[in-house]
Amino acid sequence: MPGAVRLVAATALLCAALISLPFVILTLPFLLPALVIVGTPVFLAALVFFAYYLAVVVERPRVFAKDTLFNRTLLKAMPSVSEKRFFPTPYLFGRHAQTIAGAMRRAPHIPYERVLVKTPDGGQFAMDYYHNEESAVPEHARPAVLVCAGLTGGSGENYVRSVVAAVAREGMRAVVFNNRGCADTPILTPRSYSAANTEDLALAVRELDARLPGGAPVVAIGVSLGSIILTKYLSELGARGERSRLLAAMAVSNPWDVHLASDSLERGLAYWFYNLRLTRKLQRLFRDNGAVWKGAGGDVSRKGVLRAASIREFDVELTCKQFGYATVRDYYDDASSRRVVHTVDVPLLALNAADDPFAPVEGIPTGVPDRNPNVILAVTGRGGHIGFLDRLLPFVGDTYMDRVALEFFLAVLRTTPGQHTKYFATPTAAAR
């Protein structure tokens, strides 16, 4: 019966088409001028749009790097940065479109194993491990990527899961460092986290060092606030002449000058789209753990924290008081990566977009590579904040950020001798 029904339906459609054909033929001479009149402006508008897109929007990233043999080797292995042009999604190339659409992307589910790390002051933070046991790289040589998320973010953020999935496809494992209170981790002491304090990250690196096999290399990626903390941690090590387990690091969408970043987020649409929303998330973290601060004494005012209408006001009411800053200006001075990045002593790739509403382009320290050959800066014209969308269907699949991170990490692994080297001799060796 279903076959008979389909046959009857097909016959009816064919008859309807034959009946309407003479009408279409008779009216076509009258319809064509109307189609031309309406269609010509649309066609011309589309032509102008794509000419503008190709001539103005699409461009190669600007790369700032010291001309050394090692940097030339790295950049040659990163064609997305050094050779190819960045094609942002044509209908989402604006700064806010990239930022907001980036936050709406879908990313794969990652089956983490959670480890709670106790801190010397009685607090805790979570580290989420993805061991990637299906990797072709043996446990003793399997590289680990340490991921540091943005403000209020953690292992569940789509940009975190996206980069974890990308490196896992090349045989690596991943570990996400979650700041106190983030990723559903209760706060145990009257202290959360700040952009300028690296104590918890340093403890996380030591914890990772103790858990991983000795031959497994470790690289790191920090995003937004995570990139600030990661950069400062590396700069502090470099200033002291110390090294950690981290072979190299990548900083994505770093707000290099926190004063400029704060000013930018308090203007126009950026305030309503991002600043106010992030302030409410910070207040929710404080409110959910309110009992900890309630019995702590000191000069933290619950009303003042919950009355804050911006990130700056929240920092005045809580962050500065927790970490001993006399003024928010002092805190933002201490948190600005551009002041300290010159002492980083491992390869550091920084990826920023010139239109980032969180990180004004004038704050990017483009002169630092001349002072510190370890630093490579790549600045795309478009990309927003943690956006970097360049697919026609950008809500699934990887992003430009994921591909650049993968190219960078693979380049570092291939140029660093060790037990892992033979598994990463070619771009897809580990995946096979």
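Computation of the quantities below employed the complete heavy-atom set of this structure, encompassing side-chain atoms and omitting hydrogens, waters and symmetry-equivalent molecules.
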Nearest atoms (heavy-atom pairs only) where Ala65 meets Pro369: CA-CB, 3.8 Å
Rounded distance [0.5 Å steps], CZ in Arg277 versus CG in Leu282: 11.0 Å
Minimum-distance pair of heavy atoms, taken over all atoms of Asn372 and Val341: ND2-O, 3.3 Å
Check: Lys232 side chain, Ala196 main-chain N or O, donor-acceptor pair, under 3.5 Å: yes
N/O donor-acceptor pair under 3.5 Å between Lys321 side chain and Asp299 backbone: yes
Side-chain donor or acceptor of Thr415 paired with backbone N/O of Val412 under 3.5 Å: yes
Short side-chain to backbone donor-acceptor contact, Tyr159 and Arg105, under 3.5 Å: no
Stepwise side chain to side chain donor-acceptor pair (under 3.5 Å) check, Asp330 with Thr327: CA-CA 5 Å; Asp330 293 339; Thr327 67; 3.2 Å; yes
Spacing of CG belonging to Leu208 relative to CZ belonging to Arg206, to within rounding of 0.5 Å: 12.0 Å
Under 3.5 Å donor-acceptor, Thr231 side chain and Ile228 backbone: no
Residue of the set Val57, Val81, Val58, Thr380 for which side chain to side chain contact (heavy atoms under 4.5 Å, CB included) holds with Phe86: Thr380
Aromatic plane relationship, Phe50 with Tyr53 - under 30° parallel, 30 to 60° tilted, over 60° perpendicular: perpendicular
Verdict with supporting geometry, Arg403 and Ser80, side chain to side chain donor-acceptor pair (under 3.5 Å): CA-CA 8 Å; Arg403 294 194 296 280; Ser80 294; 4.9 Å; no
Min side-chain heavy-atom separation Phe64-Val379 under 4.5 Å: yes
Between OH on residue Tyr193 and CG on residue Leu201, distance to nearest 0.5 Å: 14.0 Å
Asp356 with Arg95: basic N within carboxylate O range, under 4.0 Å: no
Donor-acceptor pair between Tyr332 and Asp315 side chains, under 3.5 angstrom: yes
Pair Phe125 and Phe177, ring centroids less than 6.0 Å apart: yes
Short side-chain to backbone donor-acceptor contact, Asn254 and Ser337, under 3.5 Å: no
Sidechain-backbone polar pair: Asn71 side chain, Lys66 backbone, donor-acceptor under 3.5 Å: yes
Exercise: identify the closest heavy-atom pair between Ser244 and Leu237: CB-CD1, 3.6 Å
Contacts of Thr279 that satisfy side-chain hydrogen bond (donor to acceptor under 3.5 Å, both in side chains) - sequence neighbours left out: Asn275
Under 3.5 Å: donor-acceptor pair, side chain of Gln98, backbone of Leu92: yes
Distance in Å, Asn352 CG paired with His385 NE2, rounded so as to fall on 0.5 Å steps: 9.5 Å
Six-ring centre of Tyr400, Arg391 cation under 6.0 angstrom, axis tolerance 45°: no
Main-chain N/O of Gly181 paired with Thr185 side-chain donor or acceptor, under 3.5 Å: no
Under 3.5 Å: donor-acceptor pair, side chain of Thr198, backbone of Tyr233: no
Check against ring-ring contact (aromatic ring centres under 6.0 Å, His included), Phe358 and Tyr274: CA-CA 9 Å; Phe358 286 65; Tyr274 319 118; 5.2 Å; yes
Donor-acceptor pair between Glu317 and Ser301 side chains, under 3.5 angstrom: no
Atom pair NE2/CZ of His259 and Arg338 - distance to nearest 0.5 Å: 10.5 Å
Minimal non-hydrogen separation, Asn178 against Gly154, with atom names: OD1-CA, 3.2 Å
Heavy-atom check, side chain of Val176 versus side chain of Met127, under 4.5 Å: no
